[in-house]
Visitor: 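My structure is below; once you've seen it, I'll send some questions.
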Amino acid sequence: MSRRLIVGLTAVAVTATAIPAQAERAGSAFPSSAFPLGTAGATTKTQRTVAPGVDLFNVTHGKPTQGWTVSLLMPNGHDNGPLSTAQTVAAAAEAAGFTPSVLKIVQPAAADAPAVERYMVRIGLWTLKQRAKADKTVKELKKAGIRAKTDYLGDDGDQTTGPWDMRVVMVDPRTFKGSYRTSVGSSVAKRETTSSMSKQVKAIAGVNGGFFNIHTARALQGDPVGVSVVGGRLLSEGVPGRSALVITGRKARITELRAAVTAISSDGARIEVKGVNRAAGAEDLVLYTEEFGAKTAADGGTEVVFDARGRIVKVRAAGGAVPRGHQVLHGTGTMADWLYEHAWETWTLRIDTKVVDLRTGRAVPLTPETYVMGGGVGLLRNGRVRITAAADGHASVNMMLRRHPRTIVGVDRSGGLILVTVDGRNPGVSVGASMVEAAQIMRWLGAKQAINFDGGGSTAMVVRHKVVNRPSDGRERTVGDALFVTP
């Protein structure tokens, strides 16, 4: 990336360099080429075999050379906005006796979203050891009625020397005789740590999975935002067209999916089920499976309880547990009316579930060996960089340009699985990666396909149930689901 800095109210340009499209290598071996980020220099790598065909690599590169600055907040609370807004904020700071600079930043273009220009306002520059001075400036700005925050320059997405601290698990399909699987833990609703889920499935290694719903009731926040299939059972419906990892035994691939669920009454009536194992809204129809792990909401709706053969055993007011071996169809508004008309006790209710691969147009067979994990952002397709930020709901400055801890999963040309965690939010130790840099890292590691999963404080890698990276929260975070390599 290139950068120009001019003190005062002049805009400063930050632009992303192009990424070569073609992947550089194939196979399951660790790359011998230079680390793709930062400046030239030695990369430290240690290797440990944790099971036949499964190797763990600790990778470090670069050194810290950047320090701290102060970013002023826009009226909406964000640290970036249109040029006119940034200039107004800078003028207010200047009137209060400070010397601000307006910084132009460019959110890199994705495969499905154009580059976006935004502007920031910053004051000061301090070394890594001088954070206290930046914090003092923030307090002085606050006294002047100006909101601001201390920022580490390594988080920007601009040029950096690092450092980077990564963990990489590479699975050689020619030697490894186990399989891959996902897990939502003991239930869909509950959040659990990656290490606790690892113990439940007796995993060799694993990483945290996709994004989960933090904008729902606390007891339901384990609900994956993306599509989730565990052992052939659809546990979360996801968003049509978003990227996902599809697993069948020891085979893995990344594609875009659509899930469709239809309820069919014994009287022939059919209706679309809008959600699976999530909170219901108005005019909603949600299916709850026994894996849900929480009571359904007493929201004035209607529920139908039916057994594994589809026989309706009870029609009840909304709010209750999902009995073992049963499912519950929960309707609100006109959806509740449909249940009253077409789902009577002793009748049958059949649930037709389809997960369709949008690349091939074919249904994904939902067998006991089928696992699907969504909620991520596509990075590589057929060995070429293809970041689907808009389709996957993450076309923003924060996700595309800024550096964060990252959890990334790829499949190489030989079918081997690559699990990666890049630690971040740890100034002087590891800067993390932007979405663009995540794609570069996976190309370097030889991935043909790659997907970015939940990162930040969620990023965790476990080997034999122990966390081997440094989670940015200082401890392992509870998450919605996780991906595992199993015996």
Side-chain angles (χ1 to χ4, degrees), residues 23 28 30 54-57 59 166-173 176 178-184 194 197-198 201 203-212 224-230 238 242-257 371-383 385-388 392 394 404-423 432-433 435 437-456 458-463 468-469 479-486:
S28 301
F30 198 88
V54 182
D55 291 313
L56 168 67
F57 298 88
V59 183
M166 299 169 39
R167 303 293 177 271
V168 180
V169 165
M170 303 188 83
V171 183
D172 186 344
F176 178 60
S179 59
Y180 314 135
R181 61 162 296 164
T182 65
S183 174
V184 295
T194 303
M197 287 187 265
S198 176
V201 301
I204 296 169
V207 291
N208 67 288
F211 294 86
F212 47 92
V225 171
V227 61
S228 175
V229 174
V230 176
R242 288 193 174 176
S243 302
L245 176 72
V246 180
I247 294 168
T248 306
R250 197 160 53 245
K251 295 181 179 180
R253 58 192 173 90
I254 295 164
T255 187
E256 296 77 42
L257 300 174
Y371 295 85
V372 177
M373 177 176 286
V377 178
L379 298 177
L380 300 179
R381 179 172 177 176
N382 297 328
V385 174
R386 183 175 173 81
I387 302 175
T388 52
D392 293 322
H394 292 285
H404 301 283
R406 298 279 176 180
T407 298
I408 324 166
V409 174
V411 182
D412 68 21
R413 294 185 184 278
S414 64
L417 193 67
I418 306 171
L419 311 180
V420 179
T421 57
V422 185
D423 287 342
M435 198 77 75
E437 290 170 338
Q440 290 176 307
I441 288 169
M442 295 310 287
R443 288 180 60 252
W444 176 64
L445 290 170
K448 182 180 179 181
Q449 306 173 63
I451 187 170
N452 179 92
F453 283 129
D454 189 13
S458 297
T459 287
M461 177 179 286
V462 297
V463 173
V468 295
N469 71 312
V479 295
D481 58 3
L483 168 67
F484 295 107
V485 178
T486 53

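The structure displayed is predicted, hence computed values, not measured ones. Quick note: numbers below take in every heavy atom, side chains included, and nothing from hydrogens, waters or symmetry partners.
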Visitor: Going through the distances and angles, do Val463 and Ile204 end up as a side-chain contact (heavy atoms from CB on, under 4.5 Å)?
Guide: CA-CA 6 Å; Val463 173; Ile204 296 169; 5.8 Å; no
Visitor: Could you walk me through whether Leu380 and Val385 pass side-chain contact (heavy atoms from CB on, under 4.5 Å), step by step?
Guide: CA-CA 5 Å; Leu380 300 179; Val385 174; 3.8 Å; yes
Visitor: Which atom names give the shortest non-hydrogen contact between Val372 and Leu257, and what distance separates them?
Guide: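 Heavy atoms of Val372 and Leu257 come nearest at CG1-CD1, 3.4 Å.
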Visitor: Under a 3.5 Å distance rule, please check whether Gln449 uses its side chain to pair with a backbone N or O of Ile254 as donor and acceptor.
Guide: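 Here the side-chain-to-backbone pair exists.
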Visitor: Given Val409, which of Val207, Asn452, Ile418, Leu379 fulfils the side-chain contact (heavy atoms from CB on, under 4.5 Å) condition?
Guide: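 Single pass found, and it is Val207.
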Visitor: I'd like to know if the side chain of Asn208 pairs up with that of Ser458 as donor and acceptor (distance under 3.5 Å, no hydrogens or angles considered).
Guide: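 No donor-acceptor contact under 3.5 Å links the two side chains.
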Visitor: If you define the side chain from C-beta out and look only at heavy atoms, does anything of Leu419 sit under 4.5 Å from Tyr180?
Guide: no
Visitor: When you measure from the side chain of Asp481 to the backbone of Gly210, do you find a donor-acceptor pair of N or O atoms at a distance under 3.5 Å?
Guide: yes
Visitor: Can you tell me if Thr421 and Thr459 form a side-chain donor-acceptor pair at under 3.5 Å?
Guide: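 Thr459 and Thr421 do not have a side-chain donor-acceptor pair below 3.5 Å.
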Visitor: For the residue pair Ala252 and Leu417, what are the closest heavy atoms and their distance?
Guide: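 Closest heavy-atom pair between Ala252 and Leu417: CB-CD1, 4.1 Å.
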Visitor: A side-chain contact here means heavy atoms from C-beta on lying under 4.5 Å apart; do Met166 and Ile441 qualify?
Guide: yes
Visitor: Is the gap between the ring centers of Phe57 and Phe30 under 6.0 Å?
Guide: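 Phe57 vs Phe30: aromatic centres under 6.0 Å.
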Visitor: Determine the minimum heavy-atom distance between Gly378 and Ser243, stating which atoms define it.
Guide: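 For Gly378 versus Ser243, the nearest heavy atoms are N-OG, 3.4 Å.
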Visitor: Contact between Val485 and Phe176 at the side-chain level, heavy atoms closer than 4.5 Å - yes or no?
Guide: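 They are in contact (side-chain heavy atoms under 4.5 Å apart), so the answer is yes.
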Visitor: Measure across Phe484 and Ala203 and return the closest heavy-atom pair with its distance rounded to 0.1 Å.
Guide: CD2-CB, 3.6 Å
Visitor: Tell me, do Asp454 and Thr407 make a side-chain contact under 4.5 Å, heavy atoms counted?
Guide: no
Visitor: Does the side chain of Val377 reach to within under 4.5 Å of the side chain of Met435, using non-hydrogen atoms?
Guide: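 In contact.
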Visitor: Donor-acceptor pair, Arg167 side chain versus Val468 backbone, under 3.5 Å?
Guide: yes
Visitor: Check whether any side-chain heavy atom of Ile408 sits under 4.5 Å from a side-chain heavy atom of Phe453, and report yes or no.
Guide: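 Sidechains of Phe453 and Ile408: no contact.
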Visitor: Any side-chain heavy-atom pair from Val225 and Arg242 closer than 4.5 angstrom?
Guide: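 Counting from C-beta outward, Val225 and Arg242 do come under 4.5 Å.
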Visitor: Nearest 0.5 angstrom please: Ile247 CD1 to Tyr371 OH, how far?
Guide: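 Those atoms lie 9.0 Å apart.
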Visitor: Side chain of Arg406, backbone of Ala433: donor and acceptor closer than 3.5 Å?
Guide: yes
Visitor: Report yes or no: do Ser179 and Thr486 form a side-chain donor-acceptor pair below 3.5 Å?
Guide: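 A pair is found: one side chain offers a donor N or O, the other an acceptor, under 3.5 Å apart.
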Visitor: Is there a side-chain contact (heavy atoms from CB on, under 4.5 Å) between Val230 and Arg181? Walk through the geometry before answering.
Guide: CA-CA 8 Å; Val230 176; Arg181 61 162 296 164; 3.9 Å; yes
Visitor: For Gly374 and Ala244, work out which heavy atoms get closest and say how close.
Guide: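 So the two residues come closest at CA-CB, 3.9 Å.
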Visitor: Donor-acceptor pair, Arg413 side chain versus Gly446 backbone, under 3.5 Å?
Guide: no
Visitor: State the CD-CE distance between Gln440 and Met442, to the nearest 0.5 angstrom.
Guide: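 Those atoms lie 13.0 Å apart.
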Visitor: Quick one, Lys448 and Asp412 - any side-chain contact, counting heavy atoms below 4.5 Å?
Guide: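 Side chain of Lys448 against side chain of Asp412, heavy atoms only: no contact under 4.5 Å found.
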Visitor: How close do Ser183 and Met197 get, heavy atom to heavy atom, and via which atoms?
Guide: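 Nearest heavy atoms, Ser183 then Met197: O-SD, 3.5 Å.
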